[in-house]
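All remarks here apply to the structure that follows.
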Amino acid sequence: MVVSIMPLKYIVENIVGDDFNIDVVVPAGASPETYEPTPAQMERIENADMIFAVGLMGFEQATIERMTQSARNRYIALSDGIELHGEHAHHGCLEGANPHLWTSPQELKLMSDNAYRAIAAAYPDSTKYAHSYEMLCARLDSLEREVAVRCEALPSRSFVIYHSTFHYLAEHYNLNEIAIEHDGKEPSAKHIREVIDKARTENATKVFYQKEFPQSVVQTIATELNSQPIEVDILEADVPRMILEFIDKLAE
């Protein structure tokens with residue numbers, strides 16, 4: 001089996017266990033925004049039993065175009081049926097939709113449901129996968145409750161981040177994500193000033209960044225807000241831990 005990014009391995013592995021080798025396309029430290037699969041990876045994708053993707057990232061779309069029809073028949077977009085947010089998402093267009101669904105417990109559950117449905121359809125006789133999926137659902141229900149409790153106790157519900165990666169989490173838990181990046185481009189001096197002013201108005205003192213993106217602008221804004229930039233890795237393998245650690249960093 002193949003997954004496009006590491007967080008999807010968490011979903012699939014928690015359903016199928018160690019019955020399959022799960023190959024991750026985007027390696028640690030690389031950015032899904034710009035990644036291009038190698039010829040060797042394309043060969044593994046072509047030979048995979050199932051191919052799981054978020055279905056919203058540029059490199060995923062480009063990879064589909066390079067696949068044979070046979071491989072496309074084994075491709076599962078885990079964003080199917082999920083209400084998407086973004087510039088064009090309400091028009092039913094994937095382009096412009098925020099792809100970071102897995103950073104929210106609710107969307108993570110829906111993605112897991114999509115994965116399980118596809119796996120159950122491919123392996124209908126496996127009661128083991130049904131049981132594993134039930135256990136995964138219980139863990140994600142627990143995560144959802146824990147995030148709600150921790151968010152209620154936050155001293156400030158606003159935060160600044162370079163790339164809008166916690167949008168869905170913020171929507172569900174009444175948080176205010178202030179994104180530095182603007183329309184997928186480097187922010188202008190005017191936009192940076194607007195971010196700083198909004199952060200001060202909203203009492204947002206935490207400034208987050210992902211190592212895949214430029215840090216100079218983040219440092220400038222953090223200095224203006226008398227804080228230090230905080231790194232987050234939304235591509236780590238243990239997705240629930242990543243979400244809880246982010247909330248804990250907000251609370252510090």
Side-chain angles (χ1 to χ4, degrees), residues 1-18 20-35 37 41 44-45 48 50-61 63 75-82 84-86 94 97-119 132-133 135-144 146-147 161-173 177 208-213 231-249:
M1 292 184 172
V2 169
V3 297
S4 59
I5 56 173
M6 185 62 79
L8 304 192
K9 183 178 181 181
Y10 171 85
I11 294 173
V12 176
E13 197 168 56
N14 271 280
I15 297 171
V16 302
D18 56 5
F20 297 88
N21 179 52
I22 302 171
D23 197 9
V24 182
V25 176
V26 179
S31 171
E33 310 293 326
T34 57
Y35 191 73
Q41 285 181 317
R44 289 198 292 275
I45 289 169
M50 304 180 82
I51 304 142
F52 296 91
V54 178
L56 301 172
M57 296 182 173
F59 91 94
E60 293 174 336
Q61 302 300 318
T63 301
Y75 173 88
I76 299 100
L78 298 185
S79 58
D80 281 357
I82 297 177
L84 304 175
H85 300 170
L94 297 184
N98 190 314
H100 308 103
L101 299 167
W102 67 93
T103 63
S104 161
Q106 287 84 350
E107 277 71 24
L108 187 60
K109 283 164 63 177
L110 294 171
M111 294 173 80
S112 299
D113 182 60
N114 282 336
Y116 172 68
R117 287 172 185 268
I119 292 166
S132 295
Y133 172 63
M135 291 176 65
L136 173 60
C137 287
R139 283 195 293 274
L140 296 181
D141 285 340
S142 176
L143 172 67
E144 192 176 344
E146 181 64 23
V147 171
I161 193 163
Y162 184 83
H163 189 59
S164 177
T165 48
F166 288 98
H167 171 85
Y168 295 94
L169 180 80
E171 286 286 308
H172 285 295
Y173 295 98
E177 181 192 66
F208 296 90
Y209 70 95
Q210 303 90 330
K211 58 189 173 187
E212 297 88 12
F213 296 97
E231 183 178 314
V232 289
D233 181 9
I234 64 164
L235 296 175
E236 74 165 81
D238 190 335
V239 183
R241 184 180 69 183
M242 175 272 293
I243 294 171
L244 290 173
E245 283 184 352
F246 171 70
I247 301 297
D248 286 346
K249 287 172 182 175

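Since the model is a prediction, treat every value here as computed from it, not as a measurement. Side chains included, hydrogens not; waters and symmetry mates left out as well; all remaining heavy atoms used.
When every heavy atom of H100 is checked against every heavy atom of N98, the shortest pair comes out as ND1-OD1, 2.9 Å. Minimum heavy-atom separation, M1 to V12: SD-CG1, 3.8 Å. Pairing each heavy atom of T165 with each of T103, the nearest pair is O-OG1, 2.8 Å. Of all non-hydrogen atoms in P7 and E236, the two that sit nearest each other are CG-O, 4.0 Å. Scanning both residues, S4 and A53, for their nearest heavy atoms gives OG-CA, 3.5 Å. Closest heavy-atom contact between V147 and P105: CG2-CG, 4.0 Å.
Residues satisfying the side chain to side chain donor-acceptor pair (under 3.5 Å) criterion with E171, sequence neighbours excluded, are absent altogether. Every side chain to side chain contact (heavy atoms under 4.5 Å, CB included) that E231 has, sequence neighbours left out, goes to Y209, K211. The ring-ring contact (aromatic ring centres under 6.0 Å, His included) search around Y10 returns none, not counting sequence neighbours. Scored by the side chain to side chain contact (heavy atoms under 4.5 Å, CB included) test, A115 finds I11, I15, F52, L78 as partners (sequence neighbours excluded). Residues meeting the side chain to side chain donor-acceptor pair (under 3.5 Å) test with Y35, sequence neighbours left out: Q41. The ring-ring contact (aromatic ring centres under 6.0 Å, His included) search around F59 returns none, not counting sequence neighbours. By the ring-ring contact (aromatic ring centres under 6.0 Å, His included) test, H167 is found to be paired with H85, residues two or more places apart in sequence or in another chain being considered. Remark: S31 engages E33, T34, E212 in a side chain to side chain contact (heavy atoms under 4.5 Å, CB included) (not counting sequence neighbours). By the side chain to side chain contact (heavy atoms under 4.5 Å, CB included) test, R117 pairs with D113, sequence neighbours left out. Judged as a salt bridge (Lys or Arg N to Asp or Glu O under 4.0 Å), and not counting sequence neighbours, the contacts of D248 are R150. Partners of D23 by salt bridge (Lys or Arg N to Asp or Glu O under 4.0 Å), not counting sequence neighbours, listed by chain and number: R44.
V2 has its side chain out of reach of I22: every pair of non-hydrogen atoms, C-beta onward, lies at least 4.5 Å apart. A heavy-atom distance below 4.5 Å is not found between the side chains of N14 and Y116. The closest side-chain heavy-atom distance from H163 to I234 is not below 4.5 Å. Taking 4.5 Å as the limit, every side-chain heavy atom of F20 sits out of range of all side-chain heavy atoms of M50. With a 4.5 Å cut-off on side-chain heavy atoms, C137 and Y133 count as touching.
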Go through the steps for Q106 and Y173 under the test side-chain hydrogen bond (donor to acceptor under 3.5 Å, both in side chains), then give the verdict.
CA-CA 11 Å; Q106 287 84 350; Y173 295 98; 3.2 Å; yes

Do M242 and L235 pass the side chain to side chain contact (heavy atoms under 4.5 Å, CB included) test, and can you show the C-alpha distance, the side-chain angles, and the key distance before you say yes or no?
CA-CA 9 Å; M242 175 272 293; L235 296 175; over 6 Å; no

In sequence, state the C-alpha distance, the side-chain angles, and the governing distance for E177 and L169, and then conclude on side chain to side chain contact (heavy atoms under 4.5 Å, CB included).
CA-CA 9 Å; E177 181 192 66; L169 180 80; over 6 Å; no

List the steps, then state whether side chain to side chain contact (heavy atoms under 4.5 Å, CB included) holds for L108 with L101.
CA-CA 7 Å; L108 187 60; L101 299 167; over 6 Å; no

I'd like to know whether F246 forms a ring pair (Phe, Tyr, Trp, His ring centres under 6.0 Å) with F166, so could you lay out the CA-CA distance, the side-chain angles of the two residues, the decisive distance to 0.1 Å, and finally the verdict.
CA-CA 9 Å; F246 171 70; F166 288 98; 3.7 Å; yes

When you look at I5 and V25, which way does the side chain to side chain contact (heavy atoms under 4.5 Å, CB included) test go after all the steps?
CA-CA 6 Å; I5 56 173; V25 176; over 6 Å; no

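Taken from NZ in K9 to CG in D238, the straight-line distance is 12.5 Å, to the nearest 0.5 Å. Rounding to the nearest 0.5 Å places CG of L110 at 5.0 Å from CD1 of I82. Taken to the nearest 0.5 Å, the OG atom of S79 stands 6.0 Å off from the CG atom of L84.
Of the possible donor and acceptor atoms, one in the side chain of E60 sits under 3.5 Å from a partner among the backbone N and O of V54.
The stretch residues 97-112 participates, sequence neighbours left out, in these salt bridge (charged side-chain N to carboxylate O under 4.0 Å, His left out) pairs: K109-D141, K109-E144.
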